[in-house]
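Take a look at the structure below.
Small disclaimer: the values here were computed from a predicted structure and weren't measured. In listed order, ligands and their atoms are each counted from 1.
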Amino acid sequence: MLAKRIVVEREPVRVGDGGAVIEVKDLAVRYGKKYAIKDINLKFERSQITAIIGPSGCGKSTLLRCLNRMNDLIPDAKVEGKVYYRGIDIYDHTVDPVAVRTVIGMVFQRPNPFPMSIFDNVAFGLRVNGMKLNKTQMQEKVKDALIKAALWDEVKDRLDAPAYSLSGGQQQRLCIARALAVDPDVILLDEPTVSLDPISTAKIEQLLRQICYDYTIIIVTHNMQQAARVSDYTAVMMPDEQMIGRLIEYGPTKEIFTNPRDKRTEDYISGRIG
Ligand SMILES: Nc1ncnc2c1ncn2[C@@H]1O[C@H](COP(=O)(O)OP(=O)(O)O)[C@@H](O)[C@H]1O
Ligand SMILES: [Mg+2]
């Protein structure tokens with residue numbers, strides 16, 4: 001994998017070999033006074049797909065948004081504890097949240113293409129980042145991202161068509177292409193297939209498996225089968241008595257699904273909770 005750097009005011013950090021790319025320490029988030037998640041300690045392994053599962057409202061999206069400072073954009077949200085990206089505290093005052101979100105990209109529940117052409121959607125991040133690319137280089141980058149997102153063959157003859165002319169599944173793959181175009185290191189996906197049909201869902205799961213060697217992928221899903229199919233590691237969250245989301249179990253996906261240690265995980269994956 002190519003060395004990747006995060007743009008911060010201090011020493012650029014180079015990719016090490018192996019180990020965790022993101023480490024979360026004693027993380028808690030509250031909205032106003034009410035804690036949504038607490039005491040989260042978790043590492044996300046490089047070039048692996050980690051699924052975050054758990055019933056609705058247990059704080060999966062809240063946790064995911066901490067990982068690239070998307071919670072900064074929610075006025076009431078207060079983040080406590082630490083999130084390290086390759087050893088950098090991403091909440092440090094010297095770190096630019098926009099740079100964080102470039103290196104740690106995000107794909108949302110509903111496809112949210114911009115009201116512009118297919119090509120311009122993918123080129124968007126490259127232009128915003130002020131990358132000096134000539135026309136050919138830009139075309140290459142856009143093509144690469146569309147290939148990785150398994151969309152190229154379907155759109156190569158109509159790159160100038162509006163993104164909205166695509167089907168829902170294609171739009172979501174376009175959003176993945178848009179995230180990939182800026183060459184991120186980590187990709188966060190929040191229930192990316194929840195609005196899609198089974199065939200579109202399968203395409204996205206397949207493409208995640210194809211690209212996972214080059215990226216670290218973290219996917220929130222409440223679809224247990226999806227977690228089992230697509231992920232290497234699984235983190236299970238559950239609300240406690242006060243409805244505060246807790247991490248109750250984490251491990252290789254195979255173990256979580258065949259031999260869960262926590263009774264609540266067993267009940268959840270067998271469909272008795274949530
Ligand atoms: N912007 C917000 N303002 C206030 N409370 C919120 C906000 N977003 C989420 N919450 C609350 O935080 C808890 C966790 O929500 P969320 O992270 O969306 O859970 P999940 O993604 O697992 O469904 C819920 O109780 C939810 O109501
Ligand atoms: Mg959610």
Discussion item. Checking Lys148 against Asp144 for the salt bridge (charged side-chain N to carboxylate O under 4.0 Å, His left out) test, could you report, in this order, the C-alpha distance in whole Å, the side-chain angles of both residues, the deciding distance, and whether it holds?
Written reply: CA-CA 6 Å; Lys148 282 187 185 157; Asp144 271 1; 6.0 Å; no

Worksheet entry | Those protein residues which place at least one heavy atom below 4.0 Å from ligand 1 | Tyr31, Ala36, Pro55, Ser56, Gly57, Cys58, Gly59, Lys60, Ser61, Thr62, Arg65, Ile74

Response to the item:
Note: Leu207 and Ala149 closest approach over all heavy atoms is CD2-O, 3.4 Å

Response to the item:
When every non-hydrogen atom of Ile22 is compared with those of Ile218, the smallest separation belongs to CD1-CD1, 4.3 Å

Worksheet item: What's the verdict on salt bridge (charged side-chain N to carboxylate O under 4.0 Å, His left out) for Arg127 and Asp120, showing C-alpha distance, side-chain angles and the deciding distance?
Response: CA-CA 9 Å; Arg127 291 180 179 141; Asp120 287 343; 3.0 Å; yes

Fill in: Within 6.0 angstrom of Met116 CE, more than 12 heavy atoms from elsewhere
yes

Discussion item. For Lys156, I'd like to know if atom NZ has over 12 heavy atoms of other residues, nucleotides or ligands within 6.0 Å.
Written reply: yes

Item to complete: Run through Lys38, Arg30, Lys25 and flag the one making a salt bridge (Lys or Arg N to Asp or Glu O under 4.0 Å) with Glu80.
Response: Arg30

Item to complete: Just say parallel, tilted or perpendicular for the rings of Phe114 and Phe124, cut-offs at 30° and 60°.
Response: tilted

Worksheet item: Yes or no on side-chain hydrogen bond (donor to acceptor under 3.5 Å, both in side chains) for Asn68 and Arg101, after CA distance, side-chain angles and deciding distance?
Response: CA-CA 5 Å; Asn68 72 345; Arg101 291 180 206 125; 5.2 Å; no

Worksheet item: Around the Mg ion (ligand 2), how many protein N/O/S atoms fall inside 2.8 Å?
Response: 1

